[in-house]
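Beneath this line is the structure, given in structure tokens, with notes to follow.
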Amino acid sequence: MIARRDALKLLGAGIATAAIPGSGAAEPQFPKGAIIRTVLKDLPPESLTGGATLFHEHLSLAPDFMPRWMSLARSLFPARGGQGNPPARPVQPAQPAQPAQPFFMQDPDLMAEEMTAAAKDGVACIVDGGHPDMGRDLDFLKQISAKSGLPIVAGCGYYAQPFYPPEIATWSEDQIAGELIRQVNTQPVGVLGEIGTWDVMTPDERKVFRAIAKAHQETNLAIFTHTNFGKGALEQLDLFESMGVKPGRVAIGHVGGLSDPQVEVQKAICKLGAFAGFDRQGGPGDAGQVKMVMALLEAGYADQLLFSSDFSTGGNQLKRNGGPGYAKTVTVFAPKLREAGMDEKILHGILVDNPRRLLAFVPKPRKP
Ligand SMILES: [Zn+2]
């Protein structure tokens, strides 16, 4: 197999004219028996046509998750010599201003209200990218989905090196895969994600990625990843491909963090047939991301793009606090794309069809 860095060199000027832009017009075709697994029930993919499916958000995190995340990220960035992008996540502490109130991701009434508001704003389904090592609570997701009526897909996996539970260090790849398969077979999880490399891929992260690939082969669940602002994106995809995972079942995340007007890495991801995740939207970084998205459209990759906002700390981003809420990809980011000239059908294809193409899977018979 050609190493990605060589594949990148092969991406010449000819590609832009050779690729056929995705029209986003035709209703995607799903294999017979394909479903999207939400926390409350399995849905036919055809049922989620009424709005956007946000493929990477957070509805349930431990109160100390983002403070830990920010402090680890701060210790990482000086090592990069000031290169790269500053953290795109909001830096507010995760605790609300009034200590008497629960953390918003542990307040089912508030979160159900936020889900109802997101649905009104054009969201049909939200994927939660958490799992137990991030403090994700499946019962909480079920509760807010039931209260609001908004379908929610739960993730499954292990996040990234600084957040791994201790057993990852000692378990073999097959033991990790076995545990993931056990979770898929006993819990209403609908996707493997978010699975991350915190910076340069560590041996443990490589082990987890290989285990994820094995769990994918056993369950058919799609995979979406976390990268450090796009770093190692092609290495992640290489690893999955080397394990026999079809790129069309993988979304590589946070590639909007690669501020490259030539979008070389994103083009390489799309050319291989994987999805490129522009998944931290609706904020001050939008202008640069709009340019990169439009360049990828120009290159013919409308069918390979995914948008979401990775909603995490931002208590001030909630509707209740006067912010745009969970639908900001639809209400804040999408209008900027229209203004940049994106056709409505293409936008619909990216927001409504592409995430369903990623998430829809035919369940495999469960092994005893
Ligand atoms: Zn995330």
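All figures in this text were calculated on a predicted structure; none of them were measured in a lab. The basis for the numbers below is simple: all heavy atoms, side chains too, and nothing from hydrogens, waters or symmetry mates. Residue numbers start at 1 and run along the sequence shown. Just so you know, ligand 1 is whichever comes first in the structure, and atom 1 is the first atom listed for that ligand.
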**Item:** Contacts of Asp286 that satisfy side-chain hydrogen bond (donor to acceptor under 3.5 Å, both in side chains) - sequence neighbours left out
**Value:** Lys336
**Prompt:** So which N/O/S atom does Asp310 have closest to the Zn ion (ligand 1)?
**Reply:** OD1
**Item:** Considering only N, O or S atoms of Glu194, the one closest to the Zn ion (ligand 1)
**Value:** OE2
**Request:** Fit a plane to each ring of Phe55 and Phe224, take the angle between them on a 0 to 90° scale, and name the class: parallel (under 30°), tilted (30 to 60°) or perpendicular (over 60°).
**Result:** perpendicular
**Prompt:** Taking the inter-plane angle between the rings of Phe65 and Phe163 on a 0 to 90° scale, is it parallel (under 30°), tilted (30 to 60°) or perpendicular (over 60°)?
**Reply:** tilted
**Asked** Is the distance between the Zn ion (ligand 1) and the nearest N/O/S atom of His58 smaller than 2.8 Å?
**Response** yes
**Request:** Return yes when at least one N/O/S atom of Asp279 is nearer than 2.8 Å to the Zn ion (ligand 1), and no when none is.
**Result:** no
**Message:** Applying ring-ring contact (aromatic ring centres under 6.0 Å, His included), can you list everything that pairs with Phe275, at least two apart in sequence or on another chain?
**Reply:** none
